[in-house]
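Heads up, the thing below is written out as structure tokens.
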Amino acid sequence: ELRLDELTADEARLAAVLINAGQQHIFAEWPPEQVDAGKKRAFFASVLALDRSYPGGLGAYLENGKKLLKAAQLGHNPLDGWVPSPPDAESGARLLPGSLEYDELERLGVEQLGSVAFVIPAGGMGERLGYSGVKFGLPAEMTTEASVLEVYAQYILAFQRLAARARPAKAPITIQLALMVSHQTRPGIEALLAANGHYGLAPEQLTLLQQEEVACFADSGGRLAMRDTYALETKPHGHGDVHFLLHTSGLAQRWLSQGLKWIVFFQDTNTLYLATLLATLGVSEKLGLDMNSVCVPRKAKEAIGAMARLTHSDGRSFLASVEYNQLEPLLRASGKGADVNDTVTHTSPYPGNINELVLRLPAYVAALNYTKGELHEFVNPKYKSGEDGSPLSTFRAPARLECMMQDFAHSLQDRLKGSKVGYTMVPKELGYYPVKNALQAAAELSARGIPPMGAASAEAAVYHAYGSMLRVLGCKVQQTVEQVYAGVRVDEGAHIVLAPSFAPSMAALREKLLAPSEVHISQRSTLVVDGENVTIKSLNLDGALVVKVAPCASLHIESLEMHNQGWSFVPLSHAELSSGAVREEERIRGYRVSRGEELRILLTEPGRWLVVKNQLVREKPGAADAR
Ligand code: UGB
């Protein structure tokens with residue numbers, strides 16, 4: 001029937017799986033036996049890859065698909081039967097950078113650094129952003145142009161040094177990092193790593209896991225969509241694949257066997273995750289959490305997952321993130337009205353999940369062993385409508401099953417009775433500013449007063465975060481003013497970049513600022529500080545100052561007053577925005593940096609240096625100790 005002479009055992013099995021699942025249409029167009037034999041083999045090879053990369057194989061995928069498509073057609077809410085309520089205060093903690101409690105949490109976090117591994121799902125192409133490269137390669141800000149992946153790596157290296165300092169007699173720590181890549185992102189990410197010497201990470205501390213795509217459905221009956229005669233239409237299955245890959249690769253188990261205790265997940269465009277990571281780890285340790293989801297204050301109806309306690313009539317109770325489009329129907333169905341802002345905080349009682357998840361490794365691996373990394377899935381078909389406007393059972397575009405990494409909360413609480421799940425609230429200024437939307441879409445959101453989640457807003461948030469860290473410690477950093485770039489409103493203040501080498505934690509930053517009230521930074525200033533051995537006492541900056549000190553050198557700024565022309569962000573004209581003459585990194589932001597005049601202090605050779613009354617001089621031996 002298949003018109004292929006000799007099927008291998010795998011091909012025969014897969015053909016049977018497809019035919020038994022009612023997918024005969026795939027083969028209907030195939031020409032007689034010998035024709036296109038190579039293409040037919042290639043078809044089965046790609047189906048075999050789909051079969052191997054899905055828990056339970058292709059048969060399980062088709063079966064799950066039929067069930068979920070039916071439920072979607074009937075309009076069932078997958079969370080039917082669950083009643084949401086705001087997360088209970090005792091399951092969480094609120095971070096207050098600058099407080100004694102925050103310092104204590106950071107200290108606990110530093111103690112955990114020797115037993116942490118990081119995992120970043122980076123298989124998404126960011127279609128809405130329309131950037132031609134991989135998202136990891138986006139500059140987190142244009143002042144230093146350090147890419148997102150570079151900043152993540154800088155934090156990991158800085159954390160290793162912090163950990164080494166906290167336990168001097170012990171062997172140095174190497175923090176593991178796994179990146180989940182996809183067919184689309186692998187070449188770009190590998191090229192970035194190769195071109196930049198792995199950003200200083202040792203090759204043995206990096207693992208790439210590759211996610212495969214899943215087949216797409218063309219209608220509610222679960223008929224598979226074809227790309228052409230010999231290829232099924234496929235699409236990404238979502239970031240939830242990361243758990244399946246950590247299980248099937250054996251990596252999670254290996255890390256556990258090596259004595260690691262924590263596994264931390266986060267996404268690929270928000271470098272601010274790392275600014276509060278140590279305190280978040282401290283919360284996990286202090287509250288004994290098996291899973292800790294980091295959250296930010298969320299406006300009612302904001303399009304971001306909402307953290308909620310879900311209670312079922314059968315007695316089960318989970319703390320989990322509910323997708324924003326499901327929260328409101330659930331609230332209404334349980335007679336709780338709508339999601340509205342609290343009159344005091346002006347935010348929803350349901351905080352926003354930012355997909356930074358800290359899991360206790362033994363609990364994680366135990367739950368993985370039960371679930372084999374499988375998560376509950378969802379499908380989001382967009383139906384074609386008939387002549388009378390009523391929805392048909394065929395789709396406007398092929399739909400596939402998807403899964404989300406935060407849904408591990410369900411697996412954990414379902415499979416591991418007594419597991420402790422909680423959350424950590426980070427303040428808005430150190431929160432979540434991903435790069436998701438192209439300039440036009442960001443401008444439209446901005447006009448509606450909705451966070452634009454574009455490259456410009458993410459960059460402004462980075463500067464604002466460093467500015468607020470300085471302010472909290474007592475520095476005088478002038479307030480931001482509103483600027484509009486190609487329709488996107490941003491709060492623009494001093495362009496401050498405190499590299500992870502200089503400020504890996506609030507405690508480290510505090511140690512380096514000897515008299516915070518003597519640090520004044522004007523709104524139009526640019527300040528970059530990069531180097532672990534830099535201390536600042538008195539600084540009055542109205543312009544641009546770039547300080548870079550190699551690990552072999554040190555610099556103490558005793559007194560520096562700098563007024564210069566500085567750098568400014570220049571809005572791009574309409575012509576520039578639509579021309580190919582402007583760099584893409586600038587075009588997606590709507591501005592470019594004009595580097596007018598700056599003071600640069602670059603120390604690359606061994607030596608101890610001092611800036612006193614604007615003069616750079618060699619420091620006398622013993623002076624640092626006296627300080
Ligand atoms: N990713 C993969 O690695 N593989 C995939 O197949 C898909 C994505 P998106 P999404 O930020 O506000 C999430 O596409 O899925 C990686 C949460 O589910 O940016 O729309 C990708 O590379 C949601 O609750 O996000 O929504 C990136 O690192 C809310 O928190 C990450 O997964 C939302 O993010 C996220 O991918 C949000």
Side-chain angles (χ1 to χ4, degrees), residues 53-54 79 118-131 133-138 140 148-149 152 177-186 188-189 192 208-214 216 234-246 264-273 293-299 301-308 320-327 350-357 375-378 380 400-410 423 426 431-438 441-442 445 450-455 457-458 461:
S53 60
Y54 186 82
L79 289 173
F118 293 103
V119 179
I120 312 175
M125 274 306 289
E127 281 87 359
R128 281 177 287 160
L129 177 62
Y131 179 63
V134 287
K135 288 185 279 170
F136 266 161
L138 282 168
V148 172
L149 184 52
Y152 287 159
L177 170 65
L179 307 176
M180 180 173 80
V181 297
S182 60
H183 286 291
Q184 290 97 331
T185 63
R186 180 167 210 133
I189 290 174
L192 268 183
L208 299 196
L209 300 169
Q210 182 157 321
Q211 72 173 143
E212 299 297 333
E213 299 195 325
V214 286
C216 295
T234 60
K235 284 190 185 168
H237 186 223
H239 37 74
D241 277 353
V242 74
H243 303 303
F244 175 68
L245 290 175
L246 283 164
V264 180
F265 298 86
F266 50 85
Q267 298 185 166
D268 62 3
T269 60
N270 180 54
T271 53
L272 294 183
Y273 285 131
S293 300
V294 182
C295 294
V296 289
R298 172 180 159 277
K299 291 278 182 200
K301 301 182 179 29
E302 196 177 323
I304 170 170
M307 191 53 75
S321 172
V322 179
E323 281 301 277
Y324 55 91
N325 55 345
Q326 285 178 356
L327 179 68
Y350 297 91
N353 157 55
I354 62 173
N355 261 0
E356 177 186 356
L357 313 169
L375 290 178
H376 77 238
E377 296 169 302
F378 64 98
N380 190 10
R400 84 292 199 182
L401 304 191
E402 294 178 71
C403 61
M404 300 187 297
M405 69 172 175
Q406 64 269 39
D407 284 344
F408 198 82
H410 293 264
Y423 63 100
V426 295
Y432 186 53
Y433 300 90
V435 187
K436 299 220 173 202
N437 296 316
L445 290 171
I450 297 173
M453 293 197 179
S457 52

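For the numbers below, each heavy atom of this structure counts, side chains included, while hydrogens, waters and symmetry mates do not. We count ligands from 1, going down the list as the structure has it; atoms in each ligand are counted the same way. This is a predicted model, so every value here is computed, not measured.
- Tyr432 and Gln267 share a side-chain donor-acceptor pair at under 3.5 Å.
- At a 3.5 angstrom cut-off on N or O pairs, Gly124 counts as close to ligand 1.
- Ligand 1 places these atoms under 4.0 Å from at least one heavy atom of Gln211: 2 (C), 3 (O), 4 (N), 5 (C), 6 (O).
- Of all the heavy atoms of Pro121, the ones lying under 4.0 Å from any atom of ligand 1 are found in both the backbone and the side chain.
- Between Phe266 and Tyr152, the angle of the ring planes goes over 60°, which puts this pair in the perpendicular group of the 30/60° scheme.
- Between the side chains of Gln210 and His183, at least one donor N or O sits under 3.5 Å from an acceptor N or O.
- Contact between His410 and Ala320 at its shortest, heavy atoms only, is NE2-CB, 3.6 Å.
- Neither the backbone nor the side chain of Met405 comes within 4.0 Å of ligand 1, counting heavy atoms alone.
- By the 3.5 Å distance cut-off applied to N or O atoms, Ser321 is not counted among the residues near ligand 1.
- Nearest to atom 20 (O) of ligand 1 among the protein's heavy atoms is Arg128 NH2, 3.8 Å.
- Ring centroid separation for the pair His237 and Phe244 does not come in under the 6.0 Å cut-off.
- In this structure the side chain of Tyr350 reaches within 4.5 angstrom of the side chain of Arg298, judged on heavy atoms.
- Of all the heavy atoms of Met404, the ones lying under 4.0 Å from any atom of ligand 1 belong exclusively to the side chain.
- In terms of protein heavy-atom proximity, atom 30 (O) of ligand 1 is closest to Asn353 O, 3.2 Å.
- A distance-only check finds a donor-acceptor pair linking the side chain of His239 to the backbone of Met405 [under 3.5 Å].
- Of the listed residues (Lys436, Met453, Glu213, Gln267), the one carrying the non-hydrogen atom nearest atom 10 (P) of ligand 1 is Lys436.
- Taking each of Asn355, Val148, Asp268 in turn, the one with a heavy atom nearest to atom 21 (C) of ligand 1 proves to be Asp268.
- At the top of the distance list for atom 29 (C) of ligand 1, counting protein heavy atoms only, stands Gly305 N, 4.2 Å.
- The six-membered or imidazole ring of Phe265 lies near that of His243, with a centre-to-centre distance under 6.0 Å.
- Residue-level proximity to ligand 1 for Thr185 is absent, since no heavy atom of it falls below 4.0 angstrom.
- Each of the atoms 6 (O) of ligand 1 lies under 4.0 Å from some heavy atom of Pro236.
- Counting only heavy atoms from C-beta outward, the side chains of Val119 and Leu246 approach each other to under 4.5 Å.
- Heavy atoms of Lys135 come nearer than 4.0 angstrom to ligand 1 in at least one pair.
- When Met307, Gln184, Glu323, Glu302 are checked for heavy-atom proximity to atom 24 (O) of ligand 1, Glu323 turns out nearest.
- Here the shortest heavy-atom pairing between Cys403 and His376 reads CB-O, 4.0 Å.
- Taking a cut-off of under 4.0 Å to the non-hydrogen atoms of Gln406, the atoms of ligand 1 that pass are 17 (C), 18 (O), 23 (C), 24 (O).
- Counting protein heavy atoms only, atom 8 (C) of ligand 1 is closest to His239 CD2, 3.9 Å.
- Side chain to side chain, Gln184 and Glu213 meet the donor-acceptor criterion of an N or O pair below 3.5 Å.
- For Asn353 against Leu357, the heavy-atom pair with the smallest separation is OD1-CD2, 4.3 Å.
- Ligand 1 has at least one atom lying under 4.0 Å from a heavy atom of Tyr432.
- Ligand 1 lies out of reach of Ser182, whose nearest heavy atom is not under 4.0 Å from it.
- Annotation for Ser293 and Met307: closest pair CB-CE, 3.2 Å, computed over non-hydrogen atoms.
- Checking atom 4 (N) of ligand 1 against the protein gives a heavy-atom contact under 4.0 Å.
- Those atoms of ligand 1 that come under 4.0 Å of a heavy atom in Gly123, given as number and element, are 2 (C), 3 (O), 4 (N), 22 (O).
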